[in-house]
Amino acid sequence: MNTLTALLLLLLVLMIIVGGKTGLKSYLSVVINACLVILVALLISWGVNIIGVALVFIPLKLLTIIYLGTHDYTVAKNSFLTALVVSLIVICLIVAIQFFAQTGGFGDQAGEELVGLSLAAGISFPQIAIVVAIFSTLGAIAEASVAMTAGLLELKHHDPLITKKQLEKNALQMGSDILGTAMNTILFGFFGSFLPLFIWYMRLHYSLFEVLNDKLFVGECLIIMYSFIGVLLTIPLTTIFLTRSLAHDQPKK
Amino acid sequence: MHLKNKTIASLIVLAIGIILSIWVYFSTSFSPNPIGQVQDSHIKDVLVNKTQDSYENKDEVREQTLHIKILSGKHKSKIYVVKNSYSPSQAMTQKYYPHQRLIVTFIKNKPKIMSPKRDWVVVFSIALVLSLLIYISGKHSILLTFSMILNSLIFYFVIRLDIAENGTQIFAIYGAAVVLFTIISLIIVQGLNKKMLITALATLVGVFVSFGICYLIMRLTHESGIKYEAVDYATQDPRSLFLAQTLLGVLGAVMDEATDIVSSLYALCHHRKDLTFKELFLSGRTLGQEIMGPLINVLVLIFMAEALPMTILYLRDNNTLVYTFQFALSLGVIQSLISAVGIVLTVIFATLASSVFLEKFSLKKVGQ
């Protein structure tokens, strides 16, 4: 058996054991999500308008991650709205910053991998860089909003009479914790993903100035920053949306 | 009052950040190479020829004529005419904008553009993040920033060590690094207390057990279908590099999840002191179920989005989807899968660990 297949099977079994039906749905969300990335690559390679592809797939990916990944409809609905609003803000920022940073395309270090590939591909790599940046941040945004929403609703579930003030106080504490750890996820995720590049810089004794102007480093560093900004915006927005809607529920009950 | 302080502090940081990025933008002193600036307000940009490669991809070769004024170095304040040929797809070439600042190098007294000056964008984006962080989490942000700086420093030394050992002691080096990262990040953010120790325990067990299981499976399947030669920028044994990458990648997510579950259960227990073990366990599982899907997706997106440009290029050059997947995507997918296994197992570890801890906690309270 192929390693990939074996790992896919292992994950499926584990997710069903731990998560039951929700686990199965989460598994599907991961698989669909991965397939969506491949589909995006295919569509772009066929010459479909990149911005159009991005506009269709961003909400689609958020829907997959959030609705399939969680079993509670209230959690999903609230997280999706927050995540969509945050994504829109972050996208504007990404488009603006990428214009100045010009990190599209491949770095000088990629020479070996590009042998035999035609680089006059006739599609805009700066636009692809924007799509990459947006996609990398979507996961972090969705995750933070789900964690925040789920935590607050769980609290509400155990004490339906909790006041808005108590909820906000707890939200502050929870937000702080989630922020810290979400930032760690992003940081270590990228440490892992770009370890070979950092080793490259150090083996070849790049100076700080060279690293700070290197296309790949700047591109990577900016993606980390976009993800941070996405998570940072998610925390207060979730709290605002949720305490408002929970407070509205109260008189009815 | 408190909110006001936070706002003021965050605005101050933003202002300092903007000043700093402007300063970096104009500075020429850090660069070993001369800095130049495009003088034209309207760059002459002509089509040289239309190209079509063997895969029938249509592209163009265009040429910009730039007047570049050198701002530093021994050719200071001279203006040179430099031709820059680029293709609009900008895969390896670059199109420049009016009045842009560039890093230039001189070859036989002729200027050649190396790259645009990007450092100020990095400075600006870091300032933006810091200012938002302060605005949103107040005092807590100092700790978070400190933790990230410290982690980056450790990362730097870990790489130094790795290079010194020439990539041979991968497991020892990165395994130790994982323990160090976990304990330091958690102590800084949560302080040294029981909650933090429980979280650290759940994290470490989660990382190492899941990594062990996945490594076992890789060995059992003879690592078939893993194209180690596709590891990007590998300057040492790509296989061990890949394993180290995976170990680091999974750590953040597992730590994230363990903290989420433990701290949510902690808050819950604080709020309802009569909670039973079973209720807590179910709560933990519910939380875990909610969190694990999105968390796995974070890593799937990080690992796969990164490979997107290369994937598109492969597909664009008429490679089959299977071939493209093998060479451009499969490593990212396997990394995501190993991380996913870690994330799922951690739900159990974190809930179990915190259940025991919280049970004692509530018993003590009841006893009082």
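Here is the naming used below: chain letters follow the sequence lines, and residue numbers restart at 1 for every chain.
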Under 4.5 Å from any heavy atom of chain B - which part of A:Ile44: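 Answer is both: backbone and side chain atoms of A:Ile44 are under 4.5 Å from chain B.
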Can you name the closest pair of heavy atoms from [X] and [Y] and give their distance?
| X | Y | result |
| --- | --- | --- |
| A:Leu232 | B:Ile136 | O-CD1, 2.9 Å |
| A:Leu222 | B:Ser125 | CD2-OG, 3.4 Å |
| A:Phe209 | B:Pro32 | CD2-CD, 3.6 Å |
| A:Val30 | B:Gly293 | CG2-O, 4.3 Å |

Does some side-chain heavy atom of [Y] sit less than 4.5 Å from a side-chain heavy atom of [X]?
| X | Y | answer |
| --- | --- | --- |
| A:Phe106 | B:Met310 | yes |
| B:Gln236 | A:Ile199 | yes |
| B:Thr221 | A:Asn2 | no |

Heavy-atom pairs under 4.5 Å with chain B: which of [options] has the most?
| options | result |
| --- | --- |
| A:Ile186, A:Leu179, A:Leu204, A:Leu28 | A:Leu179 |
| A:Leu93, A:Leu138, A:Leu42, A:Thr103 | A:Leu42 |
| A:Ala101, A:Gly20, A:Ser26 | A:Ala101 |
| A:Ala6, A:Gly104, A:Ser124, A:Pro126 | A:Pro126 |
| A:Ile38, A:Asn170, A:Asp214 | A:Ile38 |
| A:Val146, A:Leu153, A:Ile235, A:Ile123 | A:Ile123 |

Within 6.0 Å of CZ in A:Arg203, more than 12 heavy atoms from elsewhere: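 Yes, enclosed.
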Pairwise distance CD1(B:Ile159) to OH(A:Tyr201) - rounded to 0.5 angstrom: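 With rounding to 0.5 Å, CD1 (B:Ile159) is 11.0 Å from OH (A:Tyr201).
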Counting only N and O atoms by type, is there a donor-acceptor contact under 3.5 Å from the side chain of [X] to the main-chain atoms of [Y]?
| X | Y | answer |
| --- | --- | --- |
| A:Gln102 | B:Lys95 | yes |
| B:Arg285 | A:Val18 | yes |
| A:Thr3 | B:Ser224 | yes |
| B:Gln90 | A:Phe125 | no |
| A:Asn213 | B:Lys117 | no |

Criterion side chain to side chain contact (heavy atoms under 4.5 Å, CB included) against A:Glu143, the qualifying member of B:Asn297, B:Ile296, B:Asp260, B:Leu299: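 Only one option passes, and that is B:Asp260.
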Near-ring test B:Phe155/A:Phe191, centroid separation under 6.0 angstrom: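 Centroid separation for A:Phe191 and B:Phe155: below 6.0 Å.
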Aromatic ring proximity, centroids under 6.0 angstrom, B:Tyr156 and A:Phe198: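 Not under 6.0 Å, so no.
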Stepwise ring pair (Phe, Tyr, Trp, His ring centres under 6.0 Å) test for B:Tyr97 and A:Phe100: CA-CA 9 Å; B:Tyr97 296 107; A:Phe100 291 108; 8.4 Å; no
